[in-house]
Amino acid sequence: MGEISNIIAGGDKNINKIKKYGKYPVIANSINKNGIVGYYDNEYRVKAPAVTVTGRGEIGHAVARFQNFTPIVRLLALSSKLDPIFLANSINKIRFFNESTGVPQLTKPQLSTYSIIIPSVEEQNNIGKLILLIEKYIHLHQRKLESFQFTYHEIIRRLFLKKAKWQQTKLSDLVTILDKNRKPVKKEDRLLGDTPYYGANGIQDYISGFTHKGEFILIAEDGANSLTEYPIYFVKGQIWVNNHAHVLKVNRDVSPLFLALALKQINYSKYTVGSSRNKLNLKDLENITIFIPDNNEQQKIGQFYSNYLNYLRINKKRIQYMKQFKQFLLQNMFI
C-alpha cells in the first residue's frame with residue numbers, strides 16, 4: 001500500500017477553527033455520520049479524491065472522499081492515482097491483523113505493508129463507476145425514505161392535535177389483555193419454524209408453534225430500547241410472544257391500526273417504572289388515557305397508517321436488496 005499511495009496520519013483538531021458548518025470537512029476516526037465532526041472554513045490537509053481508513057477501534061473501514069478534508073484522531077488518509085472507489089473497496093476486503101491485546105489499532109507503517117491486486121486503469125474506473133452508481137441509488141432511496149417519514153410524522157402530529165375533540169377513555173375499555181398465554185423459551189430450547197417469536201423490541205427469532213393467533217397489538221413490558229419511540233407492533237396471524245411484551249386484543253368497535261398508532265403517541269416515561277430497565281406494569285398500561293374519534297375517522301387514519309407501514313417495508317427491502325447486491329459484487333470482484 002505504501003508503494004501506490006501517500007499515507008497521512010490524522011493529527012489534532014484545531015478547536016479554535018472548527019465550526020459546525022463550513023467548506024472543508026474535518027473527519028475523525030469514526031464510522032458514524034461518515035466520520036465528519038465539523039468543518040474548517042479556509043484550510044484542509046488532504047486534497048480530494050482520496051481514501052480514509054479508520055486506524056483505531058473498528059480498524060480498516062475505508063471510505064472514498066471527493067471533497068478536500070482534514071483527517072484527525074488516528075484516521076489514516078491515502079492519496080493515490082488509483083480510482084478512489086476501487087481503492088476503498090479493495091481495502092475493505094483486507095482482513096487486518098491486530099497485534100494489540102487492547103483497543104485494536106492500525107498505524108501508518110502497518111497499513112503501508114498490506115497489498116492489493118491492481119487491474120488496468122480502465123477496469124478500475126469501470127468498477128468504481130458501477131459501485132458509485134449503486135451507492136448513489138442507495139443514498140437516493142434513503143433520502144426519499146427519510147423525507148417520506150418526516151412528512152408522515154408531521155401529518156400524524158397534526159392529526160392528533162385534534163384529539164381534544166375526540167372521546168377520552170382508558171385503554172382497558174378498548175382492549176382485552178392476553179398476557180396469560182405468553183411463554184418465554186430459551187434460545188437453545190427453541191424449535192426452528194415459521195412463527196415470529198416476539199420480545200419487547202420486536203421479532204427475536206422464528207420458531208415452531210404459537211401462543212396467539214389473530215390480530216394483536218404488542219407493547220413492551222420491560223426492556224424497551226427507547227422511551228421516545230416506544231416499541232409497539234400491530235401483528236397478524238400466528239405469533240409466539242415471550243414475557244417481555246404485553247399482548248392486546250382490540251375490541252370490535254375500535255380500529256386496531258388506529259389504536260396501535262394512538263399508542264405510539266403516548267409519552268411512556270410517565271407510565272414506566274425503574275431506572276435501569278424501565279417496566280410498564282399491567283395496571284399502568286390499563287390506565288393509559290386514549291382519545292378516540294368516530295369509527296369512520298378511525299378507519300381512515302388506520303388505513304393511512306397501514307399504507308405507511310407497507311411503503312416503509314417495501315422501500316427498506318429495496319434498499320437492503322441493493323446493499324446485498326453491492327456486497328455480492330464486491331465479494332466477486334475482489335477475490
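One-based numbering along the sequence shown.
At distances below 3.5 Å, at least one donor-acceptor pair connects side-chain atoms of Gln298 with backbone N or O atoms of Pro293. Side-chain atoms of Ser30 come within 3.5 Å of backbone N or O of Asn32 as a donor-acceptor pair. Looking at Arg158, its side chain never comes within 3.5 Å of a backbone N or O of Ile155 through a donor-acceptor pair. Here the side chain of Asn201 pairs a donor or acceptor atom with the backbone of Gly223 at under 3.5 angstrom. The main-chain N or O of Ile7 is found under 3.5 Å from a side-chain atom of Lys108 such that the two form a donor-acceptor pair.
Residues Trp240 and Tyr206 keep their aromatic ring centres 6.0 Å or farther apart. The six-membered or imidazole ring of Tyr305 lies away from that of Phe258, with a centre-to-centre distance of 6.0 Å or more.
The number of heavy-atom neighbours closer than 6.0 Å to CD of Glu122, taken from other residues, nucleotides and ligands shown, is 12 or below. The number of heavy atoms from other shown groups lying within 6.0 Å of CD (Gln265) is above 12. Heavy atoms from other residues, nucleotides or ligands lying under 6.0 Å from CD of Glu188 number more than 12. Annotation: His139, atom NE2; neighbour count of heavy atoms from other residues, nucleotides and ligands within 6.0 Å does not exceed 12.
Cation-pi geometry between Lys249 and Phe216 is met: the NZ or CZ atom falls under 6.0 Å from the ring centre, inside 45° of the normal.
Counting only heavy atoms from C-beta outward, the side chains of Leu312 and Leu145 approach each other to under 4.5 Å. Inter-residue side-chain proximity for Leu78 and Asn6 is flagged as unmet; no heavy-atom pair is nearer than 4.5 Å. Thr176 places a side-chain heavy atom less than 4.5 Å from the side chain of Asn251. Within the 4.5 Å cutoff, side-chain heavy atoms of Phe325 are placed close to those of Ile134.
Pro231 pairs with exactly one of Leu218, Ile219, Asn225 by the side-chain contact (heavy atoms from CB on, under 4.5 Å) rule, that one being Asn225. In summary, of the residues considered (Asn29, Ile8, Val46, Val53), a side-chain contact (heavy atoms from CB on, under 4.5 Å) with Leu75 occurs for Asn29 alone. For the side-chain contact (heavy atoms from CB on, under 4.5 Å) test with Tyr268, the passing option among Ile288, Asn278, Leu285 is Ile288; the others fail.
Residue pairs meeting the side chain to side chain donor-acceptor pair (under 3.5 Å) criterion with at least one member in residues 67-84, sequence neighbours excluded: Arg74-Gln105.
By the ring pair (Phe, Tyr, Trp, His ring centres under 6.0 Å) test, Tyr44 is found to be paired with Tyr24, residues two or more places apart in sequence or in another chain being considered.
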Apply side-chain contact (heavy atoms from CB on, under 4.5 Å) to the pair Gln204 and Arg190, showing each step before the final yes or no. CA-CA 11 Å; Gln204 294 185 343; Arg190 297 173 195 165; 4.0 Å; yes

Evaluate Thr107 against Gln110 for side-chain hydrogen bond (donor to acceptor under 3.5 Å, both in side chains), listing each step before the verdict. CA-CA 5 Å; Thr107 65; Gln110 288 171 333; 3.3 Å; yes

Audit row: Leu171, Leu248, side-chain contact (heavy atoms from CB on, under 4.5 Å) steps and yes/no: CA-CA 10 Å; Leu171 181 62; Leu248 282 57; 3.9 Å; yes

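The aromatic rings of Tyr308 and Tyr152 lie parallel to each other, their planes meeting at an angle below 30°, with 60° marking the opposite boundary. Classification of the Tyr198-Tyr233 ring pair by plane angle, with boundaries at 30° and 60°, yields tilted. Relative ring orientation between Tyr114 and Phe96 is described as perpendicular, the plane-to-plane angle rising above 60° on a 0-90° scale split at 30° and 60°.
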